[in-house]
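Presented below is the structure to which this report refers.
Naming convention: chains lettered A, B, ... in sequence-line order (proteins, then strands); numbering from 1 in each chain. What you see below is based on every heavy atom in this structure, not just the backbone, and it leaves out hydrogens, waters and symmetry mates.
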Amino acid sequence: WCLPLKSIFVTFPGDILKNRTDTELADDYLRRFGYMNVQHRSGLEPSMSKSKALKMLQQQLGLEETGELDQPTVTAMKQPRCGVPDIRN
Amino acid sequence: YQTFAGDLKWDHNDITYRILNYSPDMEGSVIDDAFARAFKVWSEVTPLTFTRLYDGTADIMVSFGRADHGDPYPFDGKDGLLAHAYPPGEGVQGDAHFDDDEFWTLGKGPVVKTYYGNAEGALCQFPFVFEGKSYSTCTTEGRSDGLPWCATTADYGRDKKYGFCPSELLYTFDGNSDGAACVFPFVFLGETYNSCTTEGRSDGYRWCATTKNFDQDKKYGFCPNRDTAVIGGNSEGEPCQFPFKFLGDTYDSCTSEGRGDGKLWCATTGDYDRDQKWGFCPDKGYSLFLVAAHEFGHALGLDHSTVQEALMFPMYSYVERFSLHQDDIEGIQYLYGPKPGPDPVPPTRAATDPTPTEKTTPRTTTTTTPAPVDPSLDACRVDKFDTITLIQQELHLFKDGQYWKVTQKNEIKGPYRTSETWPALPSTIDSAFEDLLTKKLYFFSGRRVWVYTGSSVLGPRSLEKLGLPGSLERVEGALERGKGKALLFGGEKYWRLDVKTQTIDKGYPREVDEVFVGVPIDAHDVFLYKGHTYFCREHFYWRMNARRQVDRVGYIKYDVLKCP
C-alpha cells in the first residue's frame, strides 16, 4: 500500500480546461493578456519576444524577473484572475 | 494604478446599472446586495452615484454567462478567468460579465438563504445538529416530501429554527413564471422530463416548465442550484452520487484522481465509466462582491494595477474585511475627483421643511430633532445601516450622513441629517452608544471617537487614547453595560471600556466567539434593544437573550423596523 499511486489522467467530457503543458499554458496566457502582442509589434524574434514577454509579466505580477518560465511564474499563471488584458496594444 | 488609454471615463456622475440575469449559485437578493455593495466601494470615495434600472439600457449592464456568452472573449470553465468588464462608453462598453462556471459565493463557501419555515429567511447554519447527527449541507432527512432543509442555528433540537433550502421544488428564477416552482413531470417538445434539464439551451443553464406542458403554456424558469450541486463539468446543478465508480474503483467522496490540475470532482451517477456524468465539487467559491468591485473599477475607467494589495490587481484573492487600497482611491479620484464633503447646511429650515407655517421659523442650532431631510427617503429601503444604537430610549439608525429614529410606539421618523444634530460627526458612523449614567453619547468612525454632552463635543480623539490597539481599524459595535462600562467590538474581539476613566479594563480583549456563541464573528454592528443584544450582518440580525443564547435570527427591516 505504500507504493506510489500511478495516476491516469482522463479527458472529462464538457471540460473546457484541458490538460495542457506549462509551455502551452504560458503561450496562451501571454497572448491572451497582451504580453505577446506587444512584443510581436516590436518585430523581435519569437524566442526573444517570449523571454521579454515573460519578464513583462513577472514585473506586472511582482515576481522575480528571470525571463524564464519558472515555477513561480507557472503558479501565478494558474491563479484565478480577471479576464481583462494587462497590456493593451 | 493605471487608467485606460485616453483616460476613458464617464462624462456624467449619475451612473446607472442594470442586472440582466442571476447566477443559480446564490439567491437573487444576495446577488443584488453584493453588486450594490461593490458599487458603494467606489461611490464612497468619488462623487459618483449608482442607480439601478430594471429595464432599458443602463450605463453598466451586468450579466452572468458561460464560455461563449455573446462577446469576443469567451470564458474558460471553472477557475481561470472569473469575469471581465469594458471601460466606459456606449454599447458593450461599461458592461460587466461574470463567468457562471464559477461557484459564486461571498468567499467562504455556499451561502444558503432559507425560505418559509420559521427562521424568516435567515441563512443556513452549517454544521447543524439534527437528531444527534451533524449536517454540513441541506438535507431531506426527516421529511417525506423531498424538500431540502437546514437549521438556522447550530442545534435544531434546542432551537427548532429551520427553513427550506433553494431547490427547484420551491422556486425558479428569471424566465417568465415570476419565480413559480417547477412542475414535474413536464412535457417539452413531446418529451417528458422529471427533473430540470439543459435540453433546448446552448448555455448550459438548467430550466424547467412551471406548468405540466411547456409546449402548450410556454411557462418556464431557471432552476436554482442546491448547495450540494456540482459546479460545471457536464452535470451542473446535479448532486454528487456516492459511492461512484471510476476506472473500476469505488469512491465515497470527491476525488482529484484522473485530473492533472488537482481539482476535486465527483460523478453524478453511480458509475462514471458507464455514464460519463461529472462535475466539480463545491468549494469556498469566489466572492461575488470582491470580483464585482474589481470589474466595476474597469467599468468606471481603471485598468489593472501593479500593486498586489490593490483591488485592481488582476489576480483574485479573498480578504475578509475589505477596504479600498490607497492606490485604487488615487486611481479613481484621478478620473472623477474626491467625494465632496458633507452637504452644505441650508440657510433656513424652509429649504428642507415643506411645512408652510414654519417657513419663517429661524433655524436653531440647539435642536436635537431637526426637521426630516426628505420623508420620501425610506428606512425600509436601506439594506444595511452604518450603525444602529439606542439613544434616549429610541432606536437610531444611521446611514450615509442621515439617521432615522424608531419611537417607543414603533413609528419610524426621519431621515434627519446627522450633521444638523451632531455637527462634528463625519457622514459614516461605525458605532455609537449612550452612557446611561452621564447621558454622554459616544460616536465611533474609523479610528476616531467623539463624545457629545448635549450640544458640546469632545474630540475627535484617536482610538489609541482609549487604550485600543493601533491595528484596530474601526469599532464595529458598542454595548452599554451599565455601571459605567461599555463593550466595544472590533474584528473578532471585544474590549470593555471603563467610561469614567476612559480606559480599557484589564483582561481585554476577549474573543467574541468565546462569550457570544452562535453569532457571526464578522458582525458589522452590535447594539442593545429591548433587553436583547443584536448582532448584524448585512440585513440580517442574530438576537441574543440575557442568558447569551441566540433566540432569534431575522431581518432588521421586517422584524425591528416592521417594514411592510
Side-chain angles (χ1 to χ4, degrees), chain A residues 1 3-38 41 53-65 71-89, chain B residues 2 4-5 66-67 73-87 97-99 101-102 204 232-236 246-247 256-263 265 272-273 275-280 286 291 294-295 297-298 302-308 312-318:
Chain A
W1 58 270
L3 287 174
L5 290 170
K6 189 177 180 185
S7 290
I8 299 171
F9 297 138
V10 302
T11 302
F12 286 82
D15 198 354
I16 298 175
L17 286 173
K18 307 294 180 196
N19 289 325
R20 292 182 296 181
T21 65
D22 288 349
T23 305
E24 288 168 336
L25 169 76
D27 290 346
D28 183 45
Y29 193 101
L30 295 172
R31 196 166 43 249
R32 181 190 289 266
F33 296 110
Y35 296 94
M36 288 293 269
N37 287 345
V38 170
R41 284 160 62 91
L54 280 168
K55 273 193 178 177
M56 284 178 69
L57 170 70
Q58 289 159 343
Q59 185 186 43
Q60 172 83 8
L61 302 186
L63 303 171
E64 188 184 353
E65 296 173 38
Q71 198 52 47
T73 308
V74 172
T75 303
M77 287 176 171
K78 290 180 178 174
Q79 297 303 306
R81 60 160 292 158
C82 172
V84 172
D86 298 329
I87 311 288
R88 291 168 188 278
N89 63 42
Chain B
Q2 293 184 91
F4 293 107
R66 294 192 168 112
Y73 307 101
F75 288 130
D76 58 353
K78 192 176 184 305
D79 303 322
L81 305 180
L82 307 183
H84 57 219
Y86 295 82
H97 301 164
F98 296 84
D99 183 358
D101 275 326
E102 310 305 340
N234 60 0
S235 303
E236 168 84 26
F246 173 56
L247 298 181
S256 61
E257 276 302 306
R259 298 192 64 85
D261 56 13
K263 291 179 188 172
W265 68 278
Y272 175 84
D273 301 331
D275 303 318
Q276 306 262 301
K277 299 293 283 182
W278 70 284
F280 294 108
Y286 295 112
V291 176
H294 174 102
E295 298 308 328
H298 288 313
L302 286 180
D303 206 341
H304 282 149
S305 167
T306 54
V307 177
Q308 290 196 30
M312 294 313 295
F313 191 68
M315 305 318 206
Y316 171 88
S317 62
Y318 177 71

query: Atom OG1 of A:T11 and atom CD of B:Q276: how far apart are they, to the nearest 0.5 Å?
result: 10.0 Å

task: Please round to the nearest 0.5 Å and tell me the distance separating atom CZ of A:R81 and atom CG of B:L82.
output: 9.5 Å

message: Can you tell me how far apart CZ (A:F12) and NZ (B:K263) are? Round to the nearest 0.5 Å.
response: 11.5 Å

message: Between B:S305 and chain A, with a heavy-atom cut-off of 4.5 Å, which part of the residue counts as in contact: side chain, backbone, both or neither?
response: backbone

- prompt: Between B:L81 and A:G83, which heavy-atom pair has the shortest distance, and what is it?
  reply: CD2-CA, 3.8 Å

field: Nearest non-hydrogen partners of B:H304 and A:V84, listed with the distance
entry: CE1-O, 2.9 Å

query: Within the distance-only criterion (no hydrogens, no angle test), does the side chain of B:Q308 pair as donor or acceptor with the backbone N or O of A:L61 below 3.5 angstrom?
result: yes

message: Counting only heavy atoms not in B:Y73 (residues, nucleotides, ligands), do more than 12 fall under 6.0 Å from its OH?
response: no

task: Return the minimal non-hydrogen interatomic distance between A:R32 and B:P74, and the atom names on each side.
output: NH1-O, 4.0 Å

query: Using non-hydrogen atoms only, which part of B:A5 is less than 4.5 Å away from chain A: side chain, backbone, both, or neither?
result: neither

statement: Looking only at B:Y272, B:F280, B:F246, the option with the highest number of non-hydrogen pairs under 4.5 Å against chain A is B:Y272

task: May I ask you to test the A:P80-B:E102 pair for a side-chain heavy-atom distance under 4.5 Å?
output: no

field: Nearest-0.5 Å distance that lies between atom CE in B:M315 and atom CE in A:M77
entry: 8.5 Å

